[in-house]
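What follows is a short report on a single structure.
Every number for a ligand or one of its atoms is a count from 1 in the order of the listing. Quick caveat, the model's predicted, so the values are computed rather than measured.
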Amino acid sequence: MSDTKFRGNEQVSIIVPTYNESQNILSILKSIEENLPKNKPVETIVVDDNSPDGTGNIVEEYINSVKKATGYTVGVIRRKAKEGLSSAILKGIEGSKGQTIIVMDSDRSHPPNIIPKMVDTLANSEYDIVVASRYVKGGSVSGWSVKRKLISKIATKIAQRGLGVGQKDPLSGFFAFKRNILDGLKLDAIGYKMLLEILVKTKGVRVKEIPYTFTNRMQGESKLGTSTVFDYLRSVWRLYRYGTLQRKQEKRASIRFLSKAARFYTVGAFGLAVNYLISLLFATGIASFWYLHANIIGIIASMTTNFVLNKIWTFEDRDFTPRRTLIQYGKFIGFSSVGALVQLGFVFYLVENYSLMYPQALILAVIAAAFGNYILNKKWTFKENVWE
Ligand code: GDD
Ligand code: MN
C-alpha cells in the first residue's frame with residue numbers, strides 16, 4: 001500500500017469465504033465498503049471454492065470494474081474445489097497481509113457495521129481477539145429454527161465443558177484478531193470451527209466478546225450439513241487431545257526441573273565427600289602438605305568433579321569441545337565461589353542484624369546459596385531455561 005495517509009503496519013484484512021453465494025456476494029462487498037474502519041488500509045479477500053453458481057466470476061468482474069474507496073482493495077483467491085470453510089479461511093489468511101485479520105461470512109448474516117468497533121477494540125486495548133458474539137448480553141439470533149438453535153447451543157456447551165473455553169460464543173464465524181497470535185501455531189482447520197481452534201491453541205491471549213445480531217440468510221442455503229456435525233465432533237476430539245498433550249508436557253517440565261535439581265544436589269553431596277577425602281589425603285596421606293594447601297587442593301578437586309558430573313549427568317551436556325568446556329568450567333567455579341561468598345555474607349547479616357542463632361542462620365544461608373547455585377548454573381553455565 002503506497003498511500004501515505006496510512007501506516008503499513010495497520011493494514012486490515014477481511015477474509016470472506018464463499019461457496020455458492022452469487023446472490024449475496026455483491027451486496028456484502030458493498031456493505032463492507034460502506035463500513036470500512038477509518039484511517040487504515042483495508043483489503044477484502046474473498047476465498048471461493050470454485051462455486052458452481054459462478055460466485056468467483058462475479059467477484060472477479062467486480063474487482064475489475066467497480067471503483068473502490070481510497071486505501072481499499074478487493075482480491076479473490078480461487079481454489080479448485082470445495083475444501084471446507086476453515087481451510088478456506090486459513091488460505092485467505094495466508095494470502096493476506098494485514099496485521100489485523102477479520103473473518104466473516106458472505107451471506108449477510110454478519111453485519112459489517114460492527115467491523116470498525118472490532119478493529120478499534122483490537123487497536124486501542126489489550127485484547128488480541130475480538131469475537132462478535134450472539135450469546136453475550138445484547139446479542140441474538142434472528143431467523144433460525146428451533147432445531148438449529150438447539151444444535152448451536154449444544155455444540156457451544158460441548159466446547160465450553162469439554163475444552164474449557166470461557167467464551168460465550170466460541171463457535172462464532174465472525175471474529176477479528178491480531179495476526180501475530182498465530183505465530184508458531186499449526187492449525188488443523190477442519191470443518192467450520194476456526195475460532196474454536198484458535199481459542200484453544202493460543203495461550204495467554206485476551207479475548208473480548210462484543211454483541212451482534214446474527215440474521216439468518218435470505219438467499220441461498222446453509223452449507224452446514226450432517227458431515228459438518230461429524231467434522232465438529234472430530235475437531236473437538238482433536239482439540240481435547242491437543243489440550244491433554246500440552247498439559248502433559250507442562251507437567252514434564254516441572255518434573256524435569258525437580259529431577260535435575262535432585263541430581264545437582266546429589267552431585268553436591270558427592271563433592272563434599274571428595275573435598276573431605278582429598279584434603280585429608282594431601283595433608284596426612286600421600287603427601288604432608290600444610291593443611292590449608294591440602295584443603296585448597298580438595299576444594300579444586302571437588303569443584304572439578306562436580307563440574308564434570310553436572311555437565312554429563314545433571315544437564316546431559318555431552319559436548320566437550322575444549323573452548324565450550326573451559327568457558328563452562330570457568331563459570332561453574334565462578335558461581336560456586338560467588339555462592340560461597342554469598343553464604344558467608346548472608347550468615348553474617350542474619351546473625352548480626354536479626355540476632356539469629358548461628359545454626360539457624362547457617363541453614364538459611366546454605367539453602368539460599370544452594371538454590372542460587374543451581375539456578376545460576378542451570379541458566380548461565382548450561383544455558384537452559386530456568387523452569388524446565
Ligand atoms: N470457500 C468456502 N468453502 N466457503 C464456504 C465453505 C467451503 O467449503 N462452506 C461454507 N462456506 C462459506 C459460505 O459461503 C458462507 O459465506 C460461510 O462460509 C458460512 O457458511 P453457511 O453455510 O452460511 O454457515 P451457517 O450460516 O450455517 O453457519 C454460521 O454459523 C455458525 C455458528 O453457528 C457460520 O457463521 C459459521 O461460521 C458459524 O460457525
Ligand atoms: Mn450462513
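- Between H293 and W290, the ring-plane angle classifies as perpendicular under the 30° and 60° cut-offs.
- When hydrogens are left out, the protein atom nearest atom 37 (O) of ligand 1 is G173 CA, 3.4 Å; that is the closest non-hydrogen contact.
- Ranking the protein heavy atoms by distance from atom 5 (C) of ligand 1 puts Y19 CB, 3.9 Å first.
- Between R217 and E21 a salt bridge is recorded (basic side-chain N to carboxylate O distance below 4.0 Å).
- Of all atoms in ligand 1, listed by their number and element, those nearer than 4.0 Å to a heavy atom of R217 are 21 (P), 22 (O), 23 (O).
- Proximity of W144 to ligand 1, defined as any heavy-atom pair under 4.0 Å, is confined to the side chain (atoms from C-beta onward).
- When heavy-atom distances to ligand 1 are checked against a 4.0 Å cut-off, E21 comes that close only through its side chain, counted from C-beta outward.
- Close approach to G84 involves these atoms of ligand 1, each under 4.0 Å from a residue heavy atom: 3 (N), 7 (C), 8 (O).
- Under 4.0 angstrom from ligand 1, the non-hydrogen atoms of T18 all belong to its backbone.
- Those atoms of ligand 1 that come under 4.0 Å of a heavy atom in A88, given as number and element, are 1 (N), 2 (C).
- Close approach of ligand 1 to H110 (heavy-atom distance below 4.0 Å) involves ligand atoms 35 (O).
- Near K193, meaning under 4.0 Å from one of its heavy atoms, ligand 1 places the atoms 38 (C), 39 (O).
- Of the protein's non-hydrogen atoms, the one nearest atom 29 (C) of ligand 1 is D105 OD2, 3.7 Å.
- Other residues sharing the hydrophobic cluster of L376, ordered by chain and number and joined by side-chain separations under 4.5 Å: F335, W380.
- Atoms of ligand 1 lying under 4.0 Å from at least one heavy atom of D107, given by number and element, are 23 (O), 26 (O).
- Ligand-side atoms of ligand 1 in range of L224: 22 (O), 27 (O), range being under 4.0 angstrom from any heavy atom.
- Neither the backbone nor the side chain of M104 comes within contact range of ligand 1; no heavy atom lies under 4.0 Å.
- Atom 16 (O) of ligand 1 has its closest protein heavy atom at S106 OG, 2.6 Å.
- Relative ring orientation between H110 and F214 is described as perpendicular, the plane-to-plane angle rising above 60° on a 0-90° scale split at 30° and 60°.
- Considering each of D48, L85, N216, the one bringing a non-hydrogen atom nearest atom 6 (C) of ligand 1 is L85.
- The aromatic rings of F315 and F382 sit parallel, their planes meeting at an angle under 30°, below the 60° perpendicular limit.
- In summary, an N, O or S atom of D107 is located under 2.8 Å from the Mn ion (ligand 2).
- If you look at Y192 and Y232, their ring centroids are not closer than 6.0 Å.
- The shortest heavy-atom contact between K91 and R79 is CG-CD, 4.0 Å.
- Residue D49 places at least one N or O, backbone or side chain, under 3.5 Å from an N or O of ligand 1.
- The protein atom (non-hydrogen) at minimum distance from atom 20 (O) of ligand 1 is Y192 OH, 3.6 Å.
- Every atom of ligand 1 with a heavy atom of S222 under 4.0 Å away is listed here by number and element: 22 (O), 25 (P), 27 (O).
- Protein heavy atom nearest atom 33 (O) of ligand 1, with residue, atom name and distance: R134 NH1, 2.9 Å.
- For R148, every heavy-atom contact with ligand 1 shorter than 4.0 Å involves the side chain, none the backbone.
- Taking atom 38 (C) of ligand 1 as the reference point, the nearest protein heavy-atom neighbour is L171 O, 3.5 Å.
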